[in-house]
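Read through the structure below, which is laid out as structure tokens, and then see the notes.
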Amino acid sequence: MTGLIDGSLSTLAPIFAVAFATHQPHYAFLAGLATAIGAGVSMAFSEGLSDTGDLTGRGSPVLRGAITGGGTFAGGIFHTLPFLIPGYGAAIGAAIAVVGSELLILAWLRHKFFHTSFARSFLAVTVGGTIIAVLSAALGILAAA
């Protein structure tokens, strides 16, 4: 869950900043791909090196790292894929729709597995995603000005 949430939220900033700054979907795709790969590797190593599993009983560091890193990459790559669409407006629209879907899915997963209310989960995930998307889009718009 941590990987999916981190990948979904942390990769929004570079993707949307580059998209709004350049109006070039291809550059936003490359930024998103690089960010998803970097975040996935970083989270894999962080989780894998955080403990041996002996003290916490959390299992194999390699397996934990692979799961967390894979989840982080998956969380970041899905809203990157719309930027394979060559038209800027269509790519942005599709990416926004994907981000909205991701936020709904993450809220549902938190609701189901952490037994929080769906509304509370949705609010928590959506507020974070909205803050990141708005700030990074504003940064991109300022860079293009």
Tell me, do [X] and [Y] make a side-chain contact under 4.5 Å, heavy atoms counted?
| X | Y | answer |
| --- | --- | --- |
| S46 | S42 | yes |
| E102 | F78 | yes |
| V99 | L12 | yes |
| T130 | L135 | no |
| F45 | V41 | yes |
| I85 | F29 | no |

Legend entry - Check: T116/S121 side-chain N/O donor and acceptor closer than 3.5 Å: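 Their side chains do contain a donor-acceptor pair, which is all the 3.5 Å distance test asks for.
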Is [X] linked to [Y] within one hydrophobic cluster, defined over Ile, Leu, Val, Met, Phe, Trp and Tyr using a side-chain heavy-atom separation of less than 4.5 Å?
| X | Y | result |
| --- | --- | --- |
| L103 | F118 | yes |
| I77 | I96 | yes |
| L139 | F83 | no |
| L30 | L84 | yes |
| I37 | I67 | no |

Of all heavy-atom pairs between [X] and [Y], which one has the smallest distance, and what is that distance?
| X | Y | value |
| --- | --- | --- |
| T35 | P14 | OG1-CG, 3.4 Å |
| P82 | A91 | O-CB, 3.5 Å |
| P86 | P25 | O-CG, 3.4 Å |

Legend entry - T11 and H79: CA distance, side-chain angles, deciding distance, side chain to side chain donor-acceptor pair (under 3.5 Å) verdict: CA-CA 9 Å; T11 59; H79 52 258; 2.7 Å; yes
Legend entry - Residue from T68, L63, V62, T72 passing side chain to side chain contact (heavy atoms under 4.5 Å, CB included) with E47: T68
Legend entry - Distance (rounded to the nearest 0.5 Å) between R120 CZ and H111 NE2: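 R120 CZ to H111 NE2: 13.0 Å, rounded to 0.5 Å.
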Inset, instruction - For side-chain contact (heavy atoms from CB on, under 4.5 Å), just list the numbers for L106 and F122, CA-CA rounded to whole Å, side-chain angles, deciding distance to a tenth of an Å, and then say yes or no. - result: CA-CA 8 Å; L106 288 171; F122 182 73; over 6 Å; no
Inset, instruction - Quick one: sort the H23 and Y88 rings into parallel, tilted or perpendicular, breaks at 30° and 60°. - result: parallel
Inset, instruction - Would you sort out whether F20 and I15 count as a side-chain contact (heavy atoms from CB on, under 4.5 Å), showing the intermediate values? - result: CA-CA 9 Å; F20 280 94; I15 295 168; over 6 Å; no
